[in-house]
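What follows is a single structure, written as structure tokens, with notes after it.
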Protein chains: 2
Amino acid sequence: MSYNKKNEFNEYQINLAEFAKALSHPARIAILTQLAKKKTCICGEIVAVMPLAQSTVSQHLKELKNAGLINGEIDGPKSCYCINTGKLNDLANSFITLFGSLSGDCCSIKKGGDNE
Amino acid sequence: MSYNKKNEFNEYQINLAEFAKALSHPARIAILTQLAKKKTCICGEIVAVMPLAQSTVSQHLKELKNAGLINGEIDGPKSCYCINTGKLNDLANSFITLFGSLSGDCCSIKKGGDNE
DNA sequence: ATCACATATCGTAGATATACGATAAAAAGC
DNA sequence: GCTTTTTATCGTATATCTACGATATGTGAT
């Protein structure tokens, strides 16, 4: 019947979840980190640094682009990516706000020591 | 041959990605928000507020628990959940650090205006 | 012991995600 | 125009996620 109920939540929750999803693979974290490290926006270089096939990296780049976290531009035969700082900061701030709102103390459950 | 290469990334990246994955569904964001709102740790109440079946909510709770973001405790016939503030703050801080490191300015790509 | 209630787990169907190689597309150089 | 280089897309197999109903489990009351 229904195999996806994501849309029944509110936009704020959907947005945050989508952002989190974009970051939910180590390769995508690694790509973002790499893009930040070399301020010039590499592309084939990313492939070289990753333990993944070129096509797979390209797919991850596409997802990051779809999420709006990076921009891409064609530069001759190469492609040139860089972080979309505005969007990323926006979402990061939403996340930080969420974290803040979650930090309240909780009920009676054992605290201290048990961290997992 | 290999359908999962996540382990070929470093631990930091894997940890952040797992945290992000735990947050990558609106239902789980909603659950955390709800847990924070009512400081007393509800459980059946969560089901009541969600557009999901009881078993589905239970599954989401389990994932959050596996990720270490919430604690669960049996309280009579009910189950009682609450946010694991320590772990959540830890991970949140890692994320905030990541965001900080990504905020550098980028190459020549058009800036301003294009926010996807 | 039995019943009622709350929750967890099982089984499962369909959707998505992740990975790859193969191939297409687009630009630069010959 | 053809080749090389670089990247994107297609087709695909397998794994994982998401959802549900059904059922098991566990507790408290009767």
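Computed from heavy atoms alone, side chains included, the values below leave out hydrogens, waters and symmetry copies. Note that the coordinates shown come from a computational prediction; the quantities given were computed from them, not determined experimentally. Letters go in sequence order (proteins before strands), and every chain restarts at 1.
Taking atom NE2 of residue A/H60 and atom C1' of nucleotide C/dC20, one finds them 12 Å apart after rounding to whole Å. If you measure from atom NZ of A/K5 to atom P of D/dA19, you get 8 Å, rounded to the nearest angstrom. Summarising the geometry, the separation between NZ on B/K6 and C1' on C/dA17 is reported as 8 Å, rounded to the nearest angstrom. The distance from atom CG of B/N66 to atom P of D/dT16 is 15 Å, rounded to the nearest whole Å. Between the CE atom of B/M50 and the C1' atom of D/dT18 there is a distance of 15 Å, given to the nearest Å. A straight line from CD1 of B/I31 to C1' of D/dT18 spans 13 Å, rounded to a whole angstrom. For B/N4 and D/dA13, the CG to C1' distance is 14 Å, given to the nearest whole Å. If you measure from atom CG of A/L64 to atom P of C/dA17, you get 13 Å, rounded to the nearest angstrom.
In this structure, A/I74 reaches neither bases nor backbone, as no heavy-atom distance under 4.0 Å exists between it and the strands shown.
Using a distance-only test at 3.5 Å, with no hydrogens or angles considered, a donor-acceptor pair links the side chain of B/N10 to the main chain of B/Q13. A donor-acceptor pair under 3.5 Å is formed between the side chain of B/T97 and the backbone N or O of B/N93. Remark: side-chain polar atoms of A/T33 are paired, donor with acceptor, to backbone N or O of A/I29 under 3.5 angstrom.
Near DNA chain D, defined here as any heavy-atom distance below 4.0 Å, there are no residues from residues 7-28 of chain A.
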Got a list of protein N/O to nucleotides 8-11 of chain D N/O distances below 3.5 Å?
from	atom 1	to	atom 2	distance (Å)
D/dA8	OP1	A/S79	OG	3.4
D/dA8	OP1	A/Y81	OH	2.3
D/dA8	OP2	A/S58	OG	3.0
D/dA8	N7	A/Q54	NE2	2.7
D/dA8	N6	A/Q54	OE1	2.9

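Listed by chain and residue number, A/A20, A/K21, B/K21, B/R28 satisfy the side-chain contact (heavy atoms from CB on, under 4.5 Å) test with B/S24 (two or more places apart in sequence, or in another chain).
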Exercise for review: Give the intermediate values and the outcome of ring-ring contact (aromatic ring centres under 6.0 Å, His included) for residues B/F99 and A/F99.
Suggested key: CA-CA 14 Å; B/F99 293 150; A/F99 293 150; 7.9 Å; no
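The aromatic rings of B/H25 and B/H60 sit tilted, their planes meeting at an angle between 30° and 60°.
Note that CG of B/N89 is 9.0 Å distant from CG of B/N84, once rounded to the nearest 0.5 Å.
Comparing D/dC20, C/dC20, C/dT18 against the side chain of B/A53 picks out D/dC20 as the nearest. Considering only the side chain of A/K78, D/dT6 comes nearest among D/dT6, D/dT18, D/dA19.
A side-chain contact (heavy atoms from CB on, under 4.5 Å) with B/L69 is found for one member of B/I83, B/I31, B/L23 and no other, namely B/L23.
Here the closest heavy-atom approach between residue B/I14 and residue B/N7 is recorded as CD1-CA, 4.0 Å.
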